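Written out below as structure tokens is the structure these notes cover.
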Amino acid sequence: MDTLIETPALDSPYQILNHHGQLVGEPPNLTPEKLLSLHDAMWRTRMLSDKIVAMQRQGRAATFGPLVGQEAAAVGVGAPLKPQDWMAGSYREIGAYMAKGVRVQDFLDVYRGFPPPKGSNGNNCLPIQIVIGTQVLHAVGLAMAAKIKGDDAIAVGICGDGATSEGDVNEALNFAGVFKAPAIIVFTNNGWAISMPRSQQTSAPTLAARGIGFGVPSKLVDGNDILAVYKTTSEAAERARAGDGPTLIELLTYRMGAHTTADDPTRYRPKEELEYWKERDPISRFRKYLFDRNILDEKGEKLMTEAIETEINEAVEYVEKQPPLSPEAIFDITFEQPTPRLQRQRVVMRRELAEIAAKNEGKA
Amino acid sequence: MDTLIETPALDSPYQILNHHGQLVGEPPNLTPEKLLSLHDAMWRTRMLSDKIVAMQRQGRAATFGPLVGQEAAAVGVGAPLKPQDWMAGSYREIGAYMAKGVRVQDFLDVYRGFPPPKGSNGNNCLPIQIVIGTQVLHAVGLAMAAKIKGDDAIAVGICGDGATSEGDVNEALNFAGVFKAPAIIVFTNNGWAISMPRSQQTSAPTLAARGIGFGVPSKLVDGNDILAVYKTTSEAAERARAGDGPTLIELLTYRMGAHTTADDPTRYRPKEELEYWKERDPISRFRKYLFDRNILDEKGEKLMTEAIETEINEAVEYVEKQPPLSPEAIFDITFEQPTPRLQRQRVVMRRELAEIAAKNEGKA
Amino acid sequence: MTIAENVNPAVSHKPASKLTMIEAINQSLRIEMERDERVVMLGEDIGRNGGVFRVTDGLQARFGERRVFDTPLAESGIIGTAIGLAINGLRPIPEIQFAGFMFVSFNQIVSQAARMRFRSGGMYTCPMVIRAPFGGGVRTPEMHSDSVEGVFLQTPGLKVVLPSNPYDAKGLLAAAIEDPDPVIFLENIKLYRSFKQEVPEERYVLPLGKAAVVQEGSDLTVFAYGAMVSVSLEAAKQVSQETGASIEVIDLRTMWPLDEETITASVEKTGRAVIVHEAPRAGGIGAEVTAIINENCLYSLLKPVARVTGYDTPFPSPQLEDLYLPTPRRVAWAIRETLED
Amino acid sequence: MTIAENVNPAVSHKPASKLTMIEAINQSLRIEMERDERVVMLGEDIGRNGGVFRVTDGLQARFGERRVFDTPLAESGIIGTAIGLAINGLRPIPEIQFAGFMFVSFNQIVSQAARMRFRSGGMYTCPMVIRAPFGGGVRTPEMHSDSVEGVFLQTPGLKVVLPSNPYDAKGLLAAAIEDPDPVIFLENIKLYRSFKQEVPEERYVLPLGKAAVVQEGSDLTVFAYGAMVSVSLEAAKQVSQETGASIEVIDLRTMWPLDEETITASVEKTGRAVIVHEAPRAGGIGAEVTAIINENCLYSLLKPVARVTGYDTPFPSPQLEDLYLPTPRRVAWAIRETLED
Ligand SMILES: Cc1ncc(C[n+]2csc(CCOP(=O)(O)OP(=O)(O)O)c2C)c(N)n1
Ligand SMILES: Cc1ncc(C[n+]2csc(CCOP(=O)(O)OP(=O)(O)O)c2C)c(N)n1
Ligand SMILES: [Mg+2]
Ligand SMILES: [Mg+2]
């Protein structure tokens, strides 16, 4: 067929810092302090991920999805945002959330199996989403509200490569385009959706190409290059804030670990991939960049990671010392006011709690 | 942003016969008989649509969505298919269904407010779909089944411009691409989804562009040019049958009438549009083509439309003479075997039917 | 079309008196939007077209496209973005063009809107009113008539409201819009224009979760809602005339939370109950009301509670629907049987 | 990974004896796929990975990618294409990775698969088994534990099956796959590996719509299903030991259509009933069972039917779930109270 529209060739991923730590593009204009804070945030992401995995192994945390390997994609998206901006991501986005300002201890509670603690303010980050893809619509709605109200806020919706197959994510792109929402939609393409490789998730060569059919400008970016991610996000945020509408960003990265603590990737994933991506590690690359420019040295980095370790350990200690939330809480967070029936059900639960307490006392 | 992917310029619609009835492209290789059968099918489509609207006004039919103006889009998609092929469309696709072989009388029952009659075989056409967009996934599934079984069948899913916003339609494109399904997905872009103009349905300049992000080759076609629609569909069917996977076709056409018999388009639609599209009428254009080539003349066309009128009237007479389906039927088509409860509920309905009959007899 | 032409009488400033349910809802939407800047409306064909039933007629002209806007044809998108609107401080009123299409956005309704408060430990909330027409007796195409209220009993975090008359519709809608949690507001198409009712022009609020005793009685209670209230009243009248029985008719009005107090008090008094709804029987509101009666006042019950409902099949084609829906005849049978000793 | 490594012991040809529920389901799937060329499986991570719980382990290796295939991450797409597969002559078994995600495909399940026969006047049918794990007590993330069976009572055209043990799972799955209509097959994660049971190696079929009397008794009936059967048995044992009461325990097994005959016969005998499920109370299976008892054998009832269920809130976070789920303690309370005069 003569005029058949074939998939256009897409530019290769936008890169500023290649995996040898060499500049291949124009870096964003950032102070050394800012650069260090990005490195710090990437380390914090990796170390918290590792910590929760360790806690899960010890029965101190519930199922967790590690994000080692995706630190640049996470931090580069979260760091350029302003406090009034909104973020909606999945279980894998603790790095972006922390870069946006969420405290370590607030995640710990969730991953220990409690609702977010009462005191946490969320920093305009929606609770981590479990139902794949749904949160991208929420992000677009948050952005639409900002526009309706005339707020100087934008919203970022983040989802995985697998999520792009869900109807909701495509509807989100369409709504963002139609309403010129001040939104950024980020596809964190980490190569896998549990056992499904990206290549089988869709037959399009890139996920960024999805933007074309919805009239949303899009960009394919090396997601392990913190400078490229940071710069692209900053520019998309500027566009959004200027009233120029949404941007779709595909970040090419890799999930170095298992899908979650319940998954065994050796069942489906070739080892060679890991080798390939290890060489493209986001932290080592940026580390070399900072070392080469004398912005950081061994000693500085050691201090940095020690401080993070202390921070995480203190947060763990803090949350584990808190009295556990009573299961009765469920009656107070279903509706603003519990219904009469919920009040009666609460009495039943109290009776059960009392019997358990009495039994335990009997034992003691 | 430098390497931002912008929507590529799309070719203007593929056309063979322009709206002056002049050839501007290579026509498909069709016998005069075949060409006449296309004209006949377009007339049958228009006349049946008009007939059901008239019946609705007289209380002899339920809500109906006319498809005047879309005859080429309908017939050009249905006519190239083989008996073993499948089709899944919406309430607006009676033209495509008839071109595929569904009898006039089978629609009449549905639009009169009954389930499809027992005797109708459906011609591998799914029941007209009311829930917008869902049927496109069914078409892809039908095509996947054909591939799994090794059948020489393809499947066509047809939906409107509005439907393209539904998650399901996008999921359908993705599944079609991933499984290389022998499927054709047709977007019948008639300019409006009730009161929503195409321009506000999505910010992409064409709906055909949607294929790019799912790796499905696509083509933008003048949907009022029966030759272009027929040829494009034929070629897509060949591709599918040859194992080369799915094609997306966007047909540019126009809904000349109201959305349905319950709609008043003067509330939302500029009159000028109608003028513009009247000049692009699919039947007049093809008529001129046939007349110019002495394939048809006034007299021949009169005979043609009279025969169609007779056929339709006979079908109406036939279905209106059939004894109306008993409401009891509902208990037999919920499951293959009615459950014990449905059997008991049937007894209740019978009691009510008996009381109504007795009352009517009392009156008589 | 000029703005003047587009404005419905109900939204102009003459003192309203007798209104259809459409006019009452339209008026309520107007009043709430005037009162509260945060209220916005979104949906398919609600703006320029004023809704396929004209429920939102004139509201876009009055409040502008910023506050009343048409969306692409995507129900999940409508509810999903409404969730974002709500969390970010607005009070969205998404319309789903027909309630049967809520199933397309079911996940966004029941896993997202209904749970945002719960999931976030109370940090984020989704105050929104999801409006949708539904109901039989008007010969609509498939999926346009289906009752959905029963489904939402198993999906905690939602309130469900279903008015039976213009007066209630106005006051309940005000309460729903004010409510801090998501509310499903279902509108019986059959009632949209079937009768007019005196509706005060000023704002008033009818509390959610409260049933209304439409007709007092002492021998038997009929529980109904929506279009089934008048069907039940007619049946009750027939049987009362025949037998002299004193029949109480209760309009449940809010499907969740059900007004257990009123239900229980009535059956304690009458000892006999019939429940009427259009929705299929299995697992419907009638099942829950029966279970409530069983739990709270079994010993008052003189006869089994009777359920008169749609049959346990899908909602049928227009030509078959009359005998699917509960009729005064069927309700009267149930009343008579339940009155027997 | 070689094929040999990937084959689960249960799908090799040694005579099986004691199997977990996972092994029993896996075996049943294998047998049905061997018997009937039309049976195909699709879903997320069911192929190479063998399912996130290994339920489909080894089946892709045995039957090939043509008959066991991974899909993109889209539940509506999975059910929607499965409908096409079914209409075009196959017998698809789509898996939804967790039942809570059925809500994403709710429209395709309840408006499409459930109604294709009805809509087409019997011309086209959708024989398919939608499998999905669910259930509490295993500390999963949100939406992974939620019970969905109750929702499907209001959406006619579906059967719903929920086995409580490996033996039943195998036989009920065979019946579901053979069934000419769509069946929802729900698998309690808690039961997947919690115990093994003697399961014959050969094929057998347990009819849908039939409850099983797990333990006979004459003083009170406990109705339960899935993981709640053993919870109920434990509670019954406690109370029997304390009071000497003779307690009948019935495993409902099929949620729709419910086995009204067995339910009624038992309550006619015992006069007292307790219903136990994980799902929230409002509008759940317990409400319908109560309504059935009310309709069929009210006069046999000595005490109100008691419902012991999940509370009417969303399924809570892992650390709060133990007290959400019915415990033997709560069931025992209900049994004791219902036994009182
Ligand atoms: C709607 C829905 N379907 C299925 C799942 C189960 N599930 C959890 S994570 C996952 C894969 C997600 O892949 P991707 O979107 O690439 O994100 P990643 O895990 O790689 O960050 C699946 C299928 C879910 N949580 N929600
Ligand atoms: C899921 C769903 N949402 C809404 C509707 C109501 N509705 C019926 S037709 C229609 C517009 C459809 O527009 P389009 O897809 O362009 O098809 P057309 O009517 O133009 O043929 C709408 C919104 C519906 N039937 N199904
Ligand atoms: Mg991924
Ligand atoms: Mg259209």
Side-chain angles (χ1 to χ4, degrees), chain A residues 62-65 91 109-110 112-115 127-134 160-169 193-196 200-202 259-260 262-269 324-331 333-335 338-339 341-342 345-346 348-349 351-353 355-356, chain D residues 1 5-6 44-54 57 69-78 80 97-98 100-101 103-105 107-108 138-144 280-282 308-327 329-330 332-334:
Chain A
T63 312
F64 175 72
Y91 49 87
D109 257 5
V110 174
R112 285 169 70 225
F114 292 103
I128 57 161
Q129 181 60 248
I130 294 297
V131 189
I132 298 293
T134 51
D161 45 310
T164 64
S165 295
E166 291 281 6
D168 274 12
V169 172
I194 308 186
S195 71
M196 174 64 96
Q200 284 169 44
Q201 194 64 245
T202 179
H259 169 66
T260 66
D263 177 51
D264 171 13
T266 64
R267 288 179 70 90
Y268 53 78
R269 207 162 62 167
L325 189 65
S326 164
E328 254 192 68
I330 64 172
F331 301 110
I333 54 177
T334 297
F335 295 110
T339 60
R341 182 184 282 205
L342 288 176
Q345 295 186 346
R346 183 203 295 271
V348 178
M349 188 188 275
R351 179 176 163 196
E352 186 154 28
L353 286 166
E355 277 204 13
I356 293 170
Chain D
M1 180 177 355
E5 273 168 14
N6 206 20
E44 296 156 10
D45 307 294
I46 64 159
R48 176 115 44 109
N49 198 33
V52 292
F53 292 106
R54 310 289 174 255
D57 198 18
F69 51 93
D70 286 326
T71 65
L73 209 177
E75 288 70 18
S76 196
I78 292 170
Q97 201 163 84
F98 291 91
F101 307 138
F103 295 156
V104 180
S105 52
N107 174 68
Q108 287 288 357
V138 282
R139 305 263 188 276
T140 59
E142 207 198 345
M143 295 305 301
H144 287 59
R281 183 164 312 174
V308 186
T309 66
Y311 295 114
D312 286 314
T313 74
F315 195 95
S317 304
Q319 294 293 341
L320 310 183
E321 70 176 276
D322 289 344
L323 274 103
Y324 178 83
L325 292 169
T327 52
R329 181 185 294 111
R330 265 162 73 194
W333 291 346

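Since we're looking at a predicted model, the values are computed, not measured. First the proteins, then the strands, lettered A, B, ... as listed; each starts at 1.
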Identify which part of S76(D) has an atom lying under 4.5 Å from any heavy atom of chain A, answering side chain, backbone, both or neither. neither

Check each atom of L325(A) against the heavy atoms of chain D and say whether the ones under 4.5 Å are side chain, backbone, both or neither. both

So which of T134(A), V348(A), D263(A) has the largest heavy-atom pair count under 4.5 angstrom toward chain D? V348(A)

Between R267(A) and D57(D) (salt bridge meaning N to carboxylate O under 4.0 Å), is one present in this structure? yes

Ranking F98(D), W333(D), F101(D) by heavy-atom pairs under 4.5 Å to chain A gives rank one to W333(D)

Under 4.5 Å from any heavy atom of chain D - which part of V110(A): neither

Enter the distance from T202(A):OG1 to L73(D):CG here, rounded to the nearest 0.5 Å. 12.5 Å

Using a cut-off of under 4.5 Å for heavy-atom pairs, which of L353(A), D168(A), D161(A) has the most such pairs with chain D? L353(A)

Salt bridge check, D322(D) against R139(D): does any charged N sit closer than 4.0 Å to a carboxylate O? yes

Report the option among R341(A), R112(A), Q200(A) that has the most heavy-atom pairs separated by less than 4.5 Å from atoms of chain D. R341(A)

Proximal component of E75(D), with respect to chain A [non-hydrogen, under 4.5 Å]: both

Distance in Å, F103(D) CZ paired with M143(D) CE, rounded so as to fall on 0.5 Å steps: 5.5 Å

Heavy-atom contact with chain D under 4.5 Å, split by part of I330(A): both

Chain D contact via I194(A) - which portion, at a heavy-atom distance below 4.5 Å: both

E44(D) side chain near T71(D) side chain, heavy-atom distance below 4.5 Å: yes

Work out which heavy atom in T140(D) is nearest to a heavy atom in P318(D); give both atom names and the distance. O-CG, 3.4 Å

Six-ring centre of Y311(D), R330(D) cation under 6.0 angstrom, axis tolerance 45°: yes

Tell me, out of T63(A), V131(A), V169(A), who's got the most heavy-atom pairs with chain D below 4.5 Å. V131(A)

With a 4.5 angstrom heavy-atom cut-off, which part of S326(A) approaches chain D: side chain, backbone, both or neither? backbone

On the 0 to 90° scale, with breaks at 30° and 60°, tag the Y91(A)-H259(A) ring pair as parallel, tilted or perpendicular. perpendicular

Output, in order, the C-alpha distance, side-chain angles, deciding distance and verdict of side chain to side chain donor-acceptor pair (under 3.5 Å) for D312(D) and Q345(A). CA-CA 8 Å; D312(D) 286 314; Q345(A) 295 186 346; 3.0 Å; yes

Checking A262(A) against chain D: side chain, backbone, both or neither under 4.5 Å from a heavy atom? neither

